[in-house]
Every structure is written in C-alpha cells, then in structure tokens.
Amino acid sequence: MAWTLLFIAGLLEVGWAIGLKFTEGFSRLWPSLFTLASMAASVILLGLALRALPVGTAYAVWTGIGAVGTAALGIWLFNEPATALRLASIGLIVAGIVGLKLWG
C-alpha cells in the first residue's frame with residue numbers, strides 16, 4: 001500500500017509541476033487552485049507512505065517520478081527538445097527509481 005501511495009504522490013508532483021506553467025505566476029485562478037491542491041495532496045501522500053518506507057528511498061522515488069513525468073510532459077505538451085542525451089538522462093532516472101524500488 002505504501003508504494004501505491006508513493007506512486008500516486010509522484011503523479012501528483014507531476015501535476016503540480018506542470019500546473020505551475022499554466023498558473024502564469026499564480027495569476028490564473030483555476031490552474032492555481034489545481035496546482036496548490038496537487039501540491040498539498042502530493043506531500044500528504046508522501047507523508048503517509050513514509051510510515052512504512054525509508055525516507056531516503058521514498059523521497060528519491062517521489063522526486064524521480066516527478067522529474068521523469070515532468071520532463072516527458074514537457075516534451076509532449078511544450079515541445080521541449082527530445083534529444084538522445086535528454087532521453088538517455090531520463091532513462092537513467094527511471095533506472096534509479098527501479099533500482100531503489102527493488103533494492104531500497
């Protein structure tokens with residue numbers, strides 16, 4: 001259950017990171033409310049997952065999910081570059097997340 005909560009918390013981190021782009025400096029109400037709610041829910045779920053998971057592992061996986069998801073959506077939504085080195089770097093983050101899940 002802790003890993004499920006952590007995964008959802010990571011997805012919510014992606015939501016608020018991408019949401020920040022749409023708030024336009026918190027000048028747009030609905031994107032700002034979505035972003036703030038995603039931030040709160042992400043941290044709350046991370047806290048719940050930490051009841052059963054080591055803090056170093058959980059935090060690294062949480063930020064890794066956020067980084068990979070945000071980078072992928074940046075490529076897809078905002079036409080950010082998808083160079084081979086960038087994609088390889090994202091792959092390394094994924095490998096780190098898998099490694100922490102398996103051996104963390």
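All values below were derived from every heavy atom in this structure, side-chain atoms included, with hydrogens, water molecules and symmetry-related copies excluded.
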Handout entry: side chain to side chain donor-acceptor pair (under 3.5 Å) contacts in which one or both residues fall within residues 88-104, not counting sequence neighbours
Key =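 Qualifying pairs: none.
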
Give me the atom names and distance for the closest heavy-atom approach of [X] to [Y].
X	Y	answer
Arg28	Phe22	NH1-O, 2.9 Å
Leu20	Thr23	O-OG1, 2.8 Å
Ala2	Ala49	O-CB, 3.5 Å

Is there a path from [X] to [Y] through hydrophobic residues (I, L, V, M, F, W, Y) whose side chains come within less than 4.5 Å of each other?
X	Y	answer
Val55	Leu48	no
Leu33	Met39	no
Ile93	Leu11	yes
Ile90	Trp76	no
Phe78	Val14	yes

Practice task
Nearest 0.5 Å please: distance from the NZ atom of Lys21 over to the CH2 atom of Trp16.
Solution key: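 Lys21 atom NZ to Trp16 atom CH2 measures 15.0 Å (nearest 0.5 Å).
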
Practice task
Hey, could you give me the CD/CD1 distance between Glu13 and Ile18, rounded to the nearest 0.5 Å?
Solution key: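 So the gap between those two atoms works out to 11.0 Å.
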
Practice task
List the steps and the verdict of side-chain contact (heavy atoms from CB on, under 4.5 Å) for Leu100 and Ile97.
Solution key: CA-CA 5 Å; Leu100 286 169; Ile97 293 168; 5.9 Å; no

Determine all donor-acceptor pairs shorter than 3.5 Å in which one atom belongs to a side chain in residues 56-75; sequence neighbours excluded.
from	atom 1	to	atom 2	distance (Å)
Trp62	NE1	Ala9	O	3.3
Trp62	NE1	Ser42	OG	2.9
Thr63	OG1	Tyr59	O	3.1
Thr63	OG1	Ala60	O	3.1
Thr70	OG1	Gly66	O	2.6

Practice task
Determine, stepwise, if the pair Leu36 / Phe26 fulfils side-chain contact (heavy atoms from CB on, under 4.5 Å).
Solution key: CA-CA 10 Å; Leu36 292 170; Phe26 289 99; 4.1 Å; yes

Problem - Any Leu6 side-chain heavy atom under 4.5 Å of Leu46 side chain - result: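 Yes, close enough: below the 4.5 Å cut-off.
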
Exercise for the section: Count the heavy atoms belonging to other residues, nucleotides or ligands that lie under 6.0 Å from CG of Leu85, then report whether that count exceeds 12. Expected result: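 No - once you tally the heavy atoms of other residues, nucleotides and ligands closer than 6.0 Å, there are 12 at most.
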
